[in-house]
Protein chains: 2
Amino acid sequence: MATIHDVAHLAGVSKSLVSRYLNDQKGVSPESTLKIIAAIKELNYRPNGIARSLVLQKTHTIGIVVDDLCATFIFRLIEGLERGAEDFDVDEKYNIIFCNSNGDVQRKQRHLNFLMNGRVDGIVLYGSLVYDDTMIQQLVHSNFPLMLIENDIEGTDVNKVVIDNIGGAFMATEHLINLGHRRIAHIGGNMNLKITLDRMNGYVRALQRYNVPVDQSLIIFPDFSDVDEWKKRDEFMSQNLYFDRGYVEMKKLIEKNQVPEAIFFATDLSAFGAIKAMNEVGLRVPEDVSVIGFDDEFRAAGSFNCKPVTTMMQPLKQAGYVGIQKLVYSLGHPHAAKERILLNTELVVRESTCANKRLASAEQDTRV
Amino acid sequence: MATIHDVAHLAGVSKSLVSRYLNDQKGVSPESTLKIIAAIKELNYRPNGIARSLVLQKTHTIGIVVDDLCATFIFRLIEGLERGAEDFDVDEKYNIIFCNSNGDVQRKQRHLNFLMNGRVDGIVLYGSLVYDDTMIQQLVHSNFPLMLIENDIEGTDVNKVVIDNIGGAFMATEHLINLGHRRIAHIGGNMNLKITLDRMNGYVRALQRYNVPVDQSLIIFPDFSDVDEWKKRDEFMSQNLYFDRGYVEMKKLIEKNQVPEAIFFATDLSAFGAIKAMNEVGLRVPEDVSVIGFDDEFRAAGSFNCKPVTTMMQPLKQAGYVGIQKLVYSLGHPHAAKERILLNTELVVRESTCANKRLASAEQDTRV
DNA sequence: TTGAAAGCGTTACCAT
DNA sequence: ATGGTAACGCTTTCAA
């Protein structure tokens, strides 16, 4: 590859002058300009970006590290991030690069090191795995410009945008209660995710708020200890695992004859699996049991050939949008206060919830 | 940020020695090692990767540029690329970074420049947009290590893995013919994609091969001239556009009373839209018209609440897998011959195709 | 075992 | 308007 030195030499001028031309600075005569242009063309010269970054101490790049770039809902985040960067400032166009950690802490650390080693000006980290908490704590302490999305680590001064999972789970459960259900189960998610506890929390709070007794036997956390084995499979996709867990736990409930009136799932994916299990034994959703999920996984629904499910929509696009904007802003304002931005979820009523049979027949009784 | 100089200073040794320690080279006394370790810890030192890359002329990174990172099928490519890089060599772990060009040539060019400016050792380019052909030609001539996926530009010496779209379209059409259909329409894709022509080609060849007359009025190419307007929308997703075009063209066929016996769609997405249009007027798929698509867009099917569709599966995962491996290999063997790897598609029979009614009743006649 | 110095490809300051 | 030179943070060669 030709360097600026080669160009200068061929054009018969100094490196400084070529550099000035390259950066649209004044003080380059028309004659020099012509010679430089010719030399650049002749040598097919392209400036070396990392040399540039090295001296400028600036890369104009944001790195995004995602736990699962193949997740069915991740497109929302991507869109939000890109729009956010695009809209932020016309002449401050940041490059965005994505890294996929695949839920592997080692790999995540590798990506993080890679990016922080002068590769990018700031990092957006998406995911709430519990077991890389110490890693992220370290990251925060390193003072590298950072934006955490959906990872509400405590006690530290860091920018983050978090989604109100507790509130969302509350609303979901409330929706079921309002429909007249009382025996409401909760089938939780992977305990390796912080949000899993939040969602259970919201569920419990809603029950308490409406004086529905909390029945421990109706709070179910599937076993995710074999994740690593699943991952080794050639056709592994995370959504299949959640689907399977929903299916398995539902089967157990059916066998134990403990099918509840309604179920709040920590994720739509498990709801899809459970619905399959119910269909297999002739249980109808929502007539026999109402089902509400979380995440609005409408893309995944197709993979599992599942009916449209009532769910809590996460504003992941908005999260990406505001997250990257705040990050870019803080790059220009290093002393800006760190912020914790809280976003709300939204109830999307579809075809998997309906009024409780008791309630319905009671109404009919009244009419008669 | 602390530099190697700071570490050397604090440890009371030279930069050279620290560098040697950092790179696990022999010739560092135990005492020095101890001092260096202490200094690194104290200063929270991390080596600067781009300075390192600058002198080493190597980044150990591969850049992936994708036209639409949010496409419903892109996860296959991602998985293939990552597995390929992972499996290639144990101690040659390449970092992989993704850039999303969003089908925007400007942005693609920006990403390409960014990556080629010393950021990565090689680039994988996915997509077959026709209007960035000259850009890619330039890229090829720049001699930068490159792997083209699904972009069969001609007459140039470049590594590429292409999928046999002509053959796939042939098989799809053949499938319909074998089911007894004769009046077979083709609803094509976006003419901005090279593969669109290939797929029409395969369709025509299959008809000719089986002596089915080619009826020009049954070859339909939807108008995609308003793409840019669609893109500006806040909730734009490419799959919606293709869905819409399938819907619209099908409506036209229905209104003109020209519904064929079977249709081969250049993409499942349009098939989904068309099926909706048919459902609306009571036409049944596959009983009344058989439908075959392309791409195996099972994830998108859910978004559109569409039944499982017979389709041609593209081996995109395999494409990523072999593509990145060949690229990494050629990084280590600069004079290895460039290759064109051809991958085949696979027929996936699902619920949208069945034997032609004529054929079925003819059989019945025979029995009677 | 250790260190000095040159060099990777830029930019920027200071002269001229 | 132009050029020399130091600097960015690292590796590597050569010499001690």
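What you see is a predicted model; the values in this text were computed from it and never measured. Naming convention: chains lettered A, B, ... in sequence-line order (proteins, then strands); numbering from 1 in each chain.
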Item checked: Between C1' of D/dG9 and OH of B/Y21, the distance in whole Å -> 18 Å
Item checked: Set of side-chain contact (heavy atoms from CB on, under 4.5 Å) partners for B/Q25, sequence neighbours left out -> B/R20, B/N23
Notebook entry, point to check: Going by the ring-ring contact (aromatic ring centres under 6.0 Å, His included) test, which pairs reach into residues 82-139 of chain A, not counting sequence neighbours?
Noted result: A/H60-A/Y94
Check: Bend across the helix from C/dT1-D/dA16 to C/dT16-D/dA1, to 10°, with axes taken over 5 pairs at each end?
Finding: 40°
Item checked: Test side-chain contact (heavy atoms from CB on, under 4.5 Å) applied to A/A51 - qualifying residues, sequence neighbours left out -> A/N48, B/L54
Item checked: Non-neighbouring partners of A/Q137 that pass side-chain contact (heavy atoms from CB on, under 4.5 Å), sequence neighbours left out -> A/D133, A/H141, A/I153, A/T156
Item checked: By side-chain contact (heavy atoms from CB on, under 4.5 Å) - contacts of A/V55 (at least two apart) -> none
Note to self: Is there a side-chain contact between A/S32 and the phosphate of D/dT2, meaning an N or O under 4.0 Å from OP1 or OP2?
What the structure shows: yes
Notebook entry, point to check: Under 4.5 Å between any side-chain heavy atoms of B/L115 and B/V65, yes or no?
Noted result: yes
Note to self: Looking only at side-chain N and O atoms, does B/S53 offer a donor or acceptor that is under 3.5 Å from a partner on A/R119?
What the structure shows: yes
Notebook entry, point to check: Does any pair with a residue in residues 6-52 of chain A pass ring-ring contact (aromatic ring centres under 6.0 Å, His included), and if so which ones, sequence neighbours excluded?
Noted result: none
Notebook entry, point to check: With sequence neighbours left out, which residue pairs that include part of residues 109-118 of chain B fulfil the salt bridge (Lys or Arg N to Asp or Glu O under 4.0 Å) condition?
Noted result: none
Next item on the list: Enumerate the residues from residues 113-123 of chain A whose closest heavy atom to DNA chain D is under 4.0 Å, giving them by residue number; use none for an empty result.
Entry: none
Checklist line | Contact state string [nucleotides 10-16 of chain D, B base, S sugar-phosphate only, - no protein heavy atom under 4.0 Å] | finding: BBBB---
Margin query: Between C1' on C/dA12 and CG on A/L54, what's the gap in Å once rounded to a whole number?
Written below: 14 Å
Next item on the list: Please state how far atom CD1 in B/I50 lies from atom C1' in D/dC8, giving the value in whole angstrom units.
Entry: 9 Å
Notebook entry, point to check: Is there a side-chain polar atom (N or O) of A/S29 under 4.0 Å from OP1 or OP2 of D/dT2?
Noted result: yes
Item checked: For A/H335, all residues meeting ring-ring contact (aromatic ring centres under 6.0 Å, His included), sequence neighbours excluded -> none
Checklist line | Atom-pair distance (NZ on A/K26; C1' on D/dT2), nearest Å | finding: 14 Å
Next item on the list: Using ring-ring contact (aromatic ring centres under 6.0 Å, His included) as the criterion, list what pairs up with A/F144, not counting sequence neighbours.
Entry: none
